[in-house]
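Each remark here refers to the structure printed beneath this line.
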Amino acid sequence: MPEKNLVTAIHDTLWDEMKADDRVLVMGEDVGARGGVFRATAGFLDEFGEDRVIDTPLAESSIVGLAIGMAMHGLLPVAEIQFADFIHPAFDQLVSEAARIRYRSNGDFDVPMVVRAPYGGGVHGALYHSQSIEAFYGHVPGLKVITPSTPYDAKGMLRAAIRDPDPVLFLEHKKCYRLIKGEVPDEAYEVPIGPADVKREGDDLTCVSYGLMLHQCLEAAAKLEEEQGVQVEVIDVRTIAPLDKKTILDSVRKTAKAMVVYEDNRTYGVGAEIVATIAEEAMFDLDGPLVRIGGPDIPAMPFSTPLEHFYMPTVEGIHRAMKELAEF
Amino acid sequence: MPEKNLVTAIHDTLWDEMKADDRVLVMGEDVGARGGVFRATAGFLDEFGEDRVIDTPLAESSIVGLAIGMAMHGLLPVAEIQFADFIHPAFDQLVSEAARIRYRSNGDFDVPMVVRAPYGGGVHGALYHSQSIEAFYGHVPGLKVITPSTPYDAKGMLRAAIRDPDPVLFLEHKKCYRLIKGEVPDEAYEVPIGPADVKREGDDLTCVSYGLMLHQCLEAAAKLEEEQGVQVEVIDVRTIAPLDKKTILDSVRKTAKAMVVYEDNRTYGVGAEIVATIAEEAMFDLDGPLVRIGGPDIPAMPFSTPLEHFYMPTVEGIHRAMKELAEF
Amino acid sequence: MAQQVQQEADRHSPLGLTEEDLLAMHRTMLTARLCDEAQFRLNRQGKAPFVVPVSGHEGCQVATAWPMERGKDVFVPYYRDMAVCLVAGMTPKDVFLGVFGKAEDPSSGGRQMPAHWGSKQLGIISGSSPIATQIPHASGIAYAMKYRGEDAIVGCWFGDGATSEGDWHEALNFAGVHDLPIVFVIENNLYAISVPLSKQAGVSDLSIRAEGYGFGGESVDGNDVFACYRAMVEAVDRARSGGGPTLIECRTYRFHPHTSDDDDRTYRTREEVEEARKRDPILQFEAYLQQAGMTSEDKIEALRAELKEEVDRAVDEAWNAPDPDPETALRHVFAEEG
Amino acid sequence: MAQQVQQEADRHSPLGLTEEDLLAMHRTMLTARLCDEAQFRLNRQGKAPFVVPVSGHEGCQVATAWPMERGKDVFVPYYRDMAVCLVAGMTPKDVFLGVFGKAEDPSSGGRQMPAHWGSKQLGIISGSSPIATQIPHASGIAYAMKYRGEDAIVGCWFGDGATSEGDWHEALNFAGVHDLPIVFVIENNLYAISVPLSKQAGVSDLSIRAEGYGFGGESVDGNDVFACYRAMVEAVDRARSGGGPTLIECRTYRFHPHTSDDDDRTYRTREEVEEARKRDPILQFEAYLQQAGMTSEDKIEALRAELKEEVDRAVDEAWNAPDPDPETALRHVFAEEG
Ligand SMILES: Cc1ncc(C[n+]2csc(CCOP(=O)(O)OP(=O)(O)O)c2C)c(N)n1
Ligand SMILES: Cc1ncc(C[n+]2csc(CCOP(=O)(O)OP(=O)(O)O)c2C)c(N)n1
Ligand SMILES: [Mg+2]
Ligand SMILES: [Mg+2]
C-alpha cells in the first residue's frame with residue numbers, strides 16, 4: 001500500500017471523486033492555476049477545466065453561499081476556504097443557511113456540500129493563520145464537523161463527506177499536512193462520519209483528542225508505556241459533531257480515568273463538552289480527576305517563535321499529565 | 001424606587017449615558033425614527049439628533065466594523081443588532097477584529113465598544129428570531145459577553161459596559177424585556193462585569209443559570225422550598241465571558257450538588273463549560289450527579305406553538321430535576 | 001394629457017400579452033391583495049400572531065414573476081413576495097397554512113414564520129429571515145444551470161434594504177464574472193422598515209450599480225405592470241440566451257406597516273401613504289383593462305366577491321388543518337435513514 | 001513621441017511639488033525597494049521565515065500617502081503598504097523588528113506576521129490578515145472625525161482582491177451615505193494571489209463602482225507617481241473640504257511572488273513579469289528626475305549605497321533586538337489594571 005501524507009491523501013481523493021462524478025466540483029480562492037496554496041488541487045485545472053475548478057473572487061460568504069445554491073441544484077460542490085481563519089465572513093451562510101435549509105423546509109431541500117478548511121497552528125502562521133474553529137461550528141445543529149488526522153481517515157472521510165446528503169465542514173490540520181504520513185489503499189473506501197476511533201488501546205487511562213494534538217497524545221502514550229508500562233487508550237474524536245459519546249464513555253468506563261487534550265482556546269472549547277459528557281454520564285465510574293488540557297485563552301497563536309511555543313500544548317506536558325493521572 | 005421592566009431600564013440607562021457623555025452614540029437598524037423595533041431608543045432621535053442616533057444601512061458586518069473604527073477614534077459607540085440572530089454576518093468583525101485589536105497591537109489600540117443584541121426565544125419568533133448566541137462569542141478571548149437578566153443588573157452592567165475599555169457584547173433576552181420587572185434606582189451605579197451573582201441563597205443544591213432560564217430556575221426553586229423546604233442556591237452567571245468560576249465553585253462546595261440550566265442548544269453550549277469546570281475542580285466535593293438541562297439540538301425554535309413549546313425548557317421540568325437531585 | 005394618451009394606447013399586444021393573460025394577471029394580483037386583507041383581519045382577531053403584508057407590491061411581483069417558466073426556471077423570492085409565489089403555483093390555502101403554522105404548510109410545515117416561502121416542487125427556493133442570504137444561493141443555482149447546460153434561468157427578488165448587505169455585492173459580482181442566467185429584481189419601496197433610502201445609499205437609482213458588475217441595470221415604475229413586465233421579459237430573454245444577468249429596480253411602495261409587529265406612523269406620514277395609494281398598481285391595471293374593454297366595474301366587483309370567497313374558504317381549510325406534532329420538532333436536522 | 005514630450009514637460013510644479021519634495025519621495029521609494037531586497041535576502045538565509053514584498057507598488061504608495069498630513073490624518077493601510085507606512089513615519093528598523101518578530105516591533109511586538117502594520121502614535125491603524133476588514137474601520141474613523149468636527153481625513157488602502165468582499169461594499173456604501181472625509185485607494189496589481197482580475201470582477205475598471213455609492217472614482221496609472229499624486233491631492237482636498245469620499249484605482253503590478261510562501265510561476269509567465277518591470281515606477285520617476293536635472297546616474301548610485309547601508313544597519317539592530325518574553329503572550333487580552 002502506498003504511503004502518503006495528509007494533504008496528498010486529500011488531493012488524490014478529491015481527484016478520484018472528480019473523476020468519478022461530474023456533479024463534483026471544487027471552488028475557492030487560488031484553487032485553479034495555483035492549485036491551492038497548500039496544493040490540494042494541484043493539476044485540477046488542466047484535468048477538469050475552469051467550469052469544475054472555480055477560482056472564486058475573494059469573498060468567503062459567497063463561496064459558501066454559492067456552494068449552497070449549487071448543492072440545491074444538483075451539484076456536489078467542495079468549497080475550499082484558504083485558511084480556516086478566513087471562514088468567519090461565511091459564518092452566517094453556514095449557520096443560518098447551510099445548517100438550516102433541511103430543517104426549515106421540513107425536509108424538502110437538502111444541501112450536499114463540503115467545505116474544506118485548513119486549520120490549526122504550529123506553522124508560524126501567527127494570529128490569523130493558526131486558529132481552530134471547530135468549537136464554533138460543532139455547536140450548530142444541522143452541520144457535520146469532522147477533523148480526520150491521518151491520511152487513511154482523510155481519504156475515507158472525504159469520500160463519505162462528498163456523498164453525505166448534509167453539509168459537512170471538513171477540517172484539515174495544516175501542520176499535519178506534510179508531517180503525518182500513513183498507508184492509504186488505492187481502492188475507494190469510506191470511513192463513516194460519526195464514530196470516534198480508538199487509535200491506541202489501553203486499560204489504564206483514556207485520553208480523548210483530535211487533530212494535531214491526537215498525534216502528540218499518541219507520542220506521549222507510547223513514551224509512557226515504554227517508560228512504565230502504563231497503557232493509555234487514545235481516542236480520536238474524528239467527528240466533532242455529531243459527537244460519538246458511546247465510544248468515549250465505553251473507554252472511560254473501562255479505564256476509570258480520563259483526560260481530554262485539544263489545541264483550541266480552552267474555555268468553551270470542544271473539550272468542555274467532552275469533559276461534561278463524561279462527568280454527567282460516567283462520574284461514578286471514575287477513580288481519578290477529570291483532566292483537561294487546552295490552549296491558553298488568548299486570541300490566537302502569536303508569530304514570534306517563543307510566543308508561539310508558549311501557546312502550543314507539548315508532548316512533554318501531555319506526557320506529564322498522563323503520568324500524574326495514571327499514578328493518581 | 002421606581003419599578004421598571006428590562007427594556008425600559010436599558011432605554012433609560014442609554015438615555016442617561018448619552019446625556020452624560022457626547023462620545024456615546026447609538027447606531028443600528030431602525031434605531032432612529034422608529035426608536036428601535038423594541039423601542040430601546042425611543043425618543044432618542046429627537047433628543048440627540050441624527051449624528052448621535054445613526055440609522056445604518058441594513059448591513060451588520062459594517063455596523064460592527066464602523067463601531068470599531070469609531071471606538072478607535074475617540075467615540076463610545078453602542079451598536080444595536082436588531083435581533084441576535086442577525087449578528088452572524090458580523091462574526092468576522094467581532095472575532096477577528098474587535099476581540100483582537102488590543103492583543104495584536106500589543107496593547108497599543110483599544111476598542112471601547114458595546115454591541116447590544118436581543119436574543120432568546122419563547123416569543124413566537126421562529127427559527128430566526130429566537131436564537132441564543134452566547135456560546136459562539138463566549139469562546140472568543142478578547143470579547144466580554146454579558147447577559148443581565150434583571151432591570152437592576154441591566155442598568156448597572158450597561159453603564160459598566162459603556163465605560164469598559166474593551167468590546168462588550170451585551171445580550172438582552174427579549175422575552176424578559178417586558179416580562180421581568182424590578183426596582184431600579186434613579187441614581188447612577190455600576191454592576192461590575194465579571195462576578196456572577198447569587199440570586200437566591202440555599203444550602204441543599206446549586207443551580208447555575210442565566211437569561212430567561214434564570215427566572216424559571218428561581219420560580220422552580222421557590223416552588224420546591226414551599227413544597228419541601230429544599231433550599232436551592234440559584235446563581236446568575238450574568239457574565240458569560242470571562243466566566244466567574246469562583247462564585248460557582250464556592251457554592252457547589254457548599255451544597256455538594258449542582259445543576260446547570262440554559263436555553264441554547266445543549267451540545268457545546270455554555271452549560272458544557274460550567275459542568276466541565278465543576279467536574280474538574282469540585283468533583284470530589286459532590287455527592288450527587290452533575291445535571292445539565294439545555295435546549296434540544298435542533299437548529300432553533302420553530303414557529304408553531306406546539307413545536308415552540310417542545311423546545312423550551314419549562315419550570316416544571318426544572319423543578320422535577322431539582323427535586324430528583326435534592327433527593328439523590 | 002400624455003398620461004391619457006399613453007393609457008389609451010395598446011400597451012399589451014406589443015408585449016405579446018393577450019387579454020387572457022391580462023385577466024389572469026389581474027386575478028393573481030387581486031388574490032394577493034385579498035389574502036393580505038384576510039391575514040390582517042385574522043391578526044386583529046388574534047388568530048394570526050404575525051403577518052407580512054404584500055399590498056402595494058402586487059404589480060411588480062406579478063409582472064416580474066410572469067415571464068418565468070414554471071417547472072423549469074427557479075424562483076428565489078423574499079418574504080414580501082406572496083404574489084411571486086402565487087404566480088409560481090402557491091395557493092391561498094398554502095399561504096394560510098403558513099400563516100397558521102400548520103403541519104401541511106408547504107414551505108416549512110409550520111417551522112418558519114409566515115411568508116418564508118419554499119417548495120421544491122414549485123421551484124421556489126426555501127428562504128430564511130436573514131436579509132440577502134438568498135442572493136448568493138440564486139447565483140449558485142444559476143451557475144449550476146449553466147454548468148449543466150439547462151436552458152433554465154433564475155429570478156431573484158429582494159428589497160432595497162438587501163442591497164446594503166455584503167452578500168448582495170458578492171452575489172452580483174460573481175454573477176457578473178460568469179455571465180450567469182439570472183435576473184435580480186429590487187422591489188424598492190423606499191424603506192428598510194423605517195430607514196429611508198437616503199440613509200441606505202448615496203444614490204437614488206440603485207440599478208446603476210449593475211454597471212460596476214459588468215451587466216445591465218434598469219429602473220422602472222414598479223406600479224406600472226407593463227413597464228415591469230417589459231423589463232423582465234427582456235432580462236429573461238437575455239439570461240436565457242446567454243446574455244448574462246440583469247438588475248431591475250422596481251420603484252414601488254408598501255401600503256401597510258412592515259409587518260403586523262410594526263407601527264409605520266413613527267416614520268411615515270399618513271399623507272405620504274395616501275399619496276402612494278393613489279398609484280396603486282392594481283387600480284392602474286384595472287383602469288387599463290377597463291379602457292381596453294376587457295373588464296368593467298361590475299366584473300371587477302364580481303371577481304372580488306368570487307376571490308374573497310375563495311380566500312375565505314382557504315382560511316377555513318387552513319385553520320382547520322392539524323398542527324404539527326410536537327415530537328416532530330426533532331426531525332430533519334439531518335437526512336433521515338432510508 | 002507624445003510620451004517623450006510629456007516626459008519633458010514639467011509635471012511637478014503644477015502640482016505644487018518642489019525639487020526637495022521629489023527627492024524626498026524618491027528616497028522613500030528607494031528605501032522601500034531596498035528593504036524588500038533585504039527581506040528576501042534574509043528569507044533565503046533562513047533568518048526571515050515569512051516576508052511580504054512591496055516592489056512594484058512603491059510609486060502609487062508613496063504618491064498616495066504623500067498628501068496625507070502626518071499627526072492629523074489617519075492611515076488605514078494593508079499588508080502590502082510598506083511604503084505607505086514609511087511615509088507615515090515608520091523606519092526601516094521598524095520594518096525589520098516586524099520581520100524578525102521582536103519585542104520592540106511597533107506594530108505588534110512580534111505577535112503578528114510581518115507587514116501587519118500599526119502604530120497609534122503614527123496614526124497607522126492596526127491591521128489584520130483578513131482582507132477588507134479594515135475598510136469599515138476606516139469609514140467609522142472618518143465618521144468620528146466628522147462627528148468631532150476635526151479637519152482630518154482618512155486614507156484607506158487595499159488591493160483589487162479586497163473589492164470582492166462584502167465589507168468593501170458595506171464600507172463604501174456607508175461612506176457615500178454620509179459624505180465622509182475619506183479616500184479609498186485600490187492598488188490594483190491585477191491579481192489576488194493567483195486569481196486574475198477577469199475572475200474577480202465583470203469589469204476591468206473598478207473605480208466605476210464609486211458611482212453606485214454616490215461619489216467619484218478615477219483610475220490612474222499606478223506606476224506614474226505624478227498621476228497618482230494628482231488624483232490623491234484632489235481627493236484629499238475634496239475630503240477635507242466636505243466634498244465626501246473618492247475611490248482611486250492605481251493600476252500597478254507586483255514584481256515578486258505574493259509572499260515568500262508563494263510561487264508565482266504557477267500563474268504568471270516570466271514574460272508578463274518582465275514586461276511589467278519595464279514600467280517600474282521607480283525607474284520612471286528617476287528618468288523624470290534626471291531629465292529635470294534633479295539627479296544623475298551617479299547621484300542615484302550614491303543614494304542607493306547610502307540607503308543600503310542604512311537598511312543593513314536597521315537589519316542588524318533589529319536582528320540583535322530582544323525576542324518577546326514567552327510569558328507576555330498572556331498580556332493584553334483585555335485592558336490591564338491601572
Ligand atoms: C440580516 C438581517 N438584518 C436585519 C433583519 C431585520 N429586518 C427584517 S426585514 C428588514 C428590512 C428589509 O427591508 P427591504 O430589504 O427594503 O425589504 P422590504 O421589507 O422593504 O420589502 C429588516 C431590517 C433581518 N431580517 N436580517
Ligand atoms: C478574508 C480573507 N480571505 C483570504 C485571505 C488569503 N489571502 C491573503 S492575501 C490574498 C489576496 C489579496 O489580493 P489583493 O487584495 O489584490 O492584494 P495584493 O496581495 O494583490 O496586493 C488572499 C486571498 C485573507 N487574508 N483574508
Ligand atoms: Mg424596502
Ligand atoms: Mg492584487
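Each chain gets a letter, A, B and so on, in the order the sequences are listed, and its residues count up from 1. Only a predicted model underlies this, so the values are computations on that prediction, with no experimental measurement involved.
For chain C, the nearby parts of A:M70 are the backbone and the side chain; heavy atoms of each come within less than 4.5 Å. Looking at A:L143, the atoms closer than 4.5 Å to chain C (heavy atoms on both sides) all sit in the backbone: N, CA, C or O. For chain A, the nearby part of C:I124 is the backbone; its heavy atoms alone come within less than 4.5 Å. Of the two parts of C:A175, neither the backbone nor the side chain holds a non-hydrogen atom closer than 4.5 Å to a non-hydrogen atom of chain A. Heavy-atom distances place no part of C:V154 under 4.5 Å from chain A, backbone and side chain included. Contact of A:P57 with chain C is made through the side chain alone, with heavy-atom distances under 4.5 Å. Contact annotation for C:I125: both backbone and side-chain heavy atoms come within less than 4.5 Å of a heavy atom of chain A.
The CG atom of A:L75 lies 10.5 Å from the CD1 atom of C:I141; values are rounded to the nearest 0.5 Å.
Under the rule for a side-chain contact (heavy atoms from CB on, under 4.5 Å), the partners of A:A71 that lie at least two apart in sequence or sit in another chain are A:P77, A:V111, A:P112, A:M113. For C:A235, the side-chain contact (heavy atoms from CB on, under 4.5 Å) test picks out C:V183, C:R238, C:T246, C:I248, with sequence neighbours left out.
Chosen from A:L25, A:V64, A:I101, A:I54, the residue pairing most often with chain C at heavy-atom distances under 4.5 Å is A:I54. Between chain C and the options A:A59, A:A67, A:P89, heavy-atom pairs under 4.5 Å are most frequent for A:A59.
Among pairs with a residue in residues 63-74 of chain A, none fulfils salt bridge (Lys or Arg N to Asp or Glu O under 4.0 Å), at least two apart in sequence or across chains.
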Between chain C and chain A, identify all donor-acceptor pairs below 3.5 angstrom, including backbone and side-chain atoms.
residue	atom	partner	partner atom	Å
C:R111	NE	A:N106	OD1	3.2
C:R111	NH1	A:Y103	O	3.0
C:K120	N	A:D108	OD2	2.8
C:S126	O	A:R104	NH2	2.8
C:S126	OG	A:R104	NE	2.8
C:S128	OG	A:E97	OE2	2.5
C:T133	O	A:Q93	NE2	3.1
C:T133	OG1	A:E97	OE2	2.9
C:H137	NE2	A:Q93	OE1	2.8
C:Y143	OH	A:D51	O	2.6
C:Y147	OH	A:D22	O	2.5
C:Y147	OH	A:R52	NE	3.1
C:R148	NH1	A:H73	O	3.4
C:E150	OE1	A:H73	NE2	2.9
C:E150	OE2	A:H73	NE2	3.2
C:D167	OD1	A:S61	OG	2.5
C:D167	OD2	A:Q93	NE2	2.9
C:E170	OE1	A:S62	N	2.8
C:E170	OE1	A:S62	OG	3.2
C:A329	O	A:Y103	OH	2.6
C:H332	O	A:Y103	N	3.4
C:H332	NE2	A:N106	O	3.4
C:A335	N	A:D166	OD2	2.8

